[in-house]
Amino acid sequence: MAKTNITPREKDYSQWYLDIVDAAEMAEASGVRGCMVIKPHGYAIWELIQAAMDKRIKETGHVNAYFPLLIPKSYLMKEAEHVEGFAPQVAEVTRAGGEELAEPYVIRPTSETIIGATYAKWIKSWRDLPVLVNQWANVMRWEMRTRPFLRTSEFLWQEGHTAHATEEEAERETLMILHDVYTDVVERVMAIPVLRGLKTENEKFAGALRTYAIEAMMQDGKALQAGTSHNLGQNFARSFEIKYTTPDNREEFCWTTSWGVSTRLIGALIMAHSDDDGLVLPPQVAPIQVVVIPIFKSDEERAQVMEAVDRITADWRDRFRWKLDARDHLSPGFKFNEWEVKGVPVRVEIGMKDVAKGTVALARRDVPGREGKSFVEQAGLTERIAAVLEEIQKALFDRAQRFREEHMFEADTYEDFKTKVGRGFVRVFFDGTGEDEDKIKSDTKATVRVLPFDQPEAEGVCFYTNRKTKRQAIFARSY
RNA sequence: CGGGGCGUAGCACAGCUUGGUAGUGCGCUCGGUUUGGGACCGAGAGGUCGGAGGUUCGAAUCCUCUCGCCCCGACCA
């Protein structure tokens with residue numbers, strides 16, 4: 001009998017992804033085109049990511065607030081580049097209360113405009129700055145083609161919006177979020193290594209001066225933009241008249257930023273770590289870190305096994321997120337598979353043999369099969385599990401990093417580039433224009449993911465234009 | 001919006017060509033036996049066959065219209 005009904009990655013990566021989402025009960029289709037129901041297991045993962053992000057957002061001086069779902073259409077129209085970028089994706093509300101509205105509302109695709117209009121009222125003096133606000137919200141962008149978590153018409157995210165007195169301060173904020181919040185959470189909590197850098201003009205946020213991003217590599221060698229941080233310059237400040245009076249009584253426009261990560265991170269989590277048996281979760285974002293499966297035949301055995309379970313789990317309450325699976329109509333084998341598919345990092349099996357020997361069976365999700373299963377003493381089990389959870393967290397990051405290194409290429413010529421770009425990231429000297437990027441994209445489906453922060457000292461030759469340049473870019477196909 | 005496909009039980013599908021009692025597997029309910037890698041036996045519940053119209057003695061099946069969904073391509077956190 002087949003172990004799972006999950007399509008192997010090698011056969012069809014895209015179907016594998018959909019199968020994982022379904023089998024692990026993370027999300028399902030809804031009655032609304034392009035919108036998913038996030039099921040409890042998927043949502044619990046989101047809550048853990050959210051908690052880690054929220055903690056760091058607050059530690060870095062920001063506060064949470066909430067702005068409306070609906071935005072007057074005229075607001076969206078104010079920033080020219082912004083309108084052009086978002087107009088095709090915006091849903092509008094034209095009727096309410098049984099009547100045609102005098103001015104339509106748009107359902108927010110992002111909140112720069114309504115927050116800009118608000119900040120114009122909040123900010124009068126240099127003493128009011130900086131304004132450091134974040135909101136957790138849903139947004140809607142009408143997408144032609146959707147995939148659970150990776151791209152849905154409605155998605156959940158956080159969007160930070162800050163206003164500053166100087167360009168330098170806004171730039172510092174933009175980079176601080178990228179490094180200290182986004183990279184920290186994605187690498188340390190989600191165990192996904194990221195590349196950091198600047199987006200090209202082609203790839204930046206509509207209305208931004210500059211966009212910085214973290215990019216993660218998926219197991220099929222494609223890139224996933226995992227978070228973006230924008231220095232908006234004075235673009236929105238001018239459109240919305242976000243102005244302040246300086247200490248020497250001059251009126252100046254503010255410098256604003258915005259930055260966000262979304263439920264797409266759950267897609268990254270799946271595609272970075274999971275295998276053909278199901279979801280694999282880093283312990284820090286696992287809703288259940290340890291599952292205990294008791295095994296017994298008679299009521300008498302049950303009593304003995306459960307007594308041992310109570311004993312070994314007595315001090316777990318504040319240590320682990322754990323669950324006892326005592327459902328007695330299901331076989332142990334069924335339960336093993338079910339919790340594996342759902343990505344639970346550690347499984348403890350305990351039956352009569354263990355009761356007799358004072359042991360348990362301990363299985364690691366990141367090491368499938370017999371290899372990941374060992375028999376350990378009940379004494380000291382709590383500490384042992386704590387250590388194993390840390391090992392798994394580290395092992396997943398190391399594995400993902402190794403994978404990325406193995407799929408990181410360099411290319412000197414366009415021909416060479418073409419042979420490599422389908423397999424991973426390609427780092428090249430590049431001084432091409434936006435038109436060149438478009439051409440490369442239509443030829444190869446690859447785009448500049450980032451102009452990495454770690455640029456070389458030495459000059460090289462652009463792989464596309466053959467001109468000398470010091471600028472390097474990382475190209476990849478992306479989600 | 002173009003190209004392709006599909007709507008039959010909670011899910012996956014067969015039945016349609018050639019009209020005649022609506023089926024199979026999984027799941028679900030009940031009873032019993034089971035339980036160290038997806039247990040088994042028995043009994044049972046569950047359907048306006050996407051919708052509307054038409055042809056016919058009779059339509060899941062044939063015809064017309066309609067609605068919805070999925071996949072592939074053009075947009076994107």
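Per chain, numbering begins at 1; letters A, B, ... match sequence-line order. Heavy atoms only: backbone and side chains are in, while hydrogens, waters and symmetry mates are out.
Annotation: rG51(B) and rA60(B) have their P atoms spaced 11 Å apart (nearest Å). Across rG38(B) and rG23(B), the matching C1' atoms stand 27 Å from one another, rounded to whole Å. With both ends at atom C1', the span from rU29(B) to rU18(B) equals 40 Å, rounded to whole Å. The P atoms of rG19(B) and rG58(B) are separated by 15 Å, rounded to the nearest whole Å. Between the C1' atoms of rU61(B) and rG2(B), the separation comes to 31 Å (whole Å). When the C1' atom is used for both rC67(B) and rG31(B), the distance is 45 Å, rounded to whole Å. Taking atom P on both rU24(B) and rU35(B), the two are 31 Å apart, rounded to the nearest angstrom. Straight-line distance between the P atoms of rA22(B) and rG47(B): roughly 14 Å, to the nearest whole Å.
Rounding to whole angstrom units, CG of residue D325(A) and P of rU35(B) are separated by 17 Å. Computed from coordinates, the R327(A) CZ to rG38(B) P distance equals 16 Å when rounded to whole Å. Counting to the nearest Å, the P atom of rG36(B) and the NZ atom of K297(A) are 7 Å from each other. In this structure, D19(A) places its CG atom 16 Å from P of rC70(B), rounding to the nearest Å. Distance CG (D328(A)) to P (rU33(B)): 13 Å, rounded to an integer number of Å. The nearest whole Å value for the distance from the CE atom in M144(A) to the P atom in rG2(B) is 14 Å. Across the protein-nucleic acid pair, R370(A) atom CZ and rG37(B) atom C1' stand 10 Å apart, rounded to whole Å. The NE2-P distance, from H329(A) to rC40(B), rounds to 15 Å in whole Å.
The residue among L18(A) and E143(A) whose nearest nucleotide of RNA chain B is located toward the 5' end is L18(A). Heavy-atom nearest nucleotides on RNA chain B were determined for F334(A) and for Y479(A), and the one closer to the 5' end corresponds to F334(A).
Of the candidate nucleotides rA77(B), rG36(B), rG37(B), rG36(B) has the atom lying nearest to any side-chain atom of K353(A).
For a distance-only test at 3.5 Å, the side chain of E338(A) fails to qualify as a donor-acceptor partner of the base of rG38(B). Interface remark: the S331(A) side chain does not form any donor-acceptor pair with the rA39(B) base, using a distance-only criterion of under 3.5 Å. With hydrogens and angles left out, the side chain of K373(A) and the base of rG37(B) share a donor-acceptor pair within 3.5 Å.
Side-chain polar atoms of Q225(A) and K199(A) form a donor-acceptor pair below 3.5 angstrom. With 3.5 Å as the limit, one finds no donor-acceptor pair spanning the side chains of Q158(A) and Q50(A).
Side-chain contact between D275(A) and Q219(A) is absent, with no heavy-atom pair separated by less than 4.5 Å. Between H273(A) and I192(A) the shortest side-chain heavy-atom distance falls below 4.5 Å.
L156(A) CG to E47(A) CD: the interatomic distance, rounded to the nearest 0.5 Å, is 10.5 Å.
No engagement by S153(A) is indicated, since no non-hydrogen atom pair under 4.0 Å with the nucleic acid exists. R347(A) comes within 4.0 angstrom of a nucleotide base, judged by non-hydrogen atoms across all strands. Using a 4.0 Å heavy-atom distance criterion, Q225(A) is classed as a sugar-phosphate-only contact. In this structure, L330(A) reaches the bases: a heavy-atom distance under 4.0 Å links it to at least one base atom across the strands shown. If you check every strand for non-hydrogen atoms under 4.0 Å, A361(A) touches a base. Contact annotation for K335(A): no contact, since no heavy-atom pair falls under 4.0 Å across all strands. Nucleic acid contact class of G351(A) (heavy atoms, under 4.0 Å, all strands): base.
The pair E340(A)-K335(A) fails the salt-bridge criterion, with no side-chain N (NZ, NE, NH1 or NH2) lying under 4.0 Å from an Asp/Glu carboxylate O. The pair E377(A)-R384(A) fails the salt-bridge criterion, with no side-chain N (NZ, NE, NH1 or NH2) lying under 4.0 Å from an Asp/Glu carboxylate O.
The phosphate of rG73(B) has OP1 or OP2 within less than 4.0 Å of a side-chain N or O from R145(A).
By the 5.5 Å and 30° criteria, W157(A) is not stacked with the base of rA77(B).
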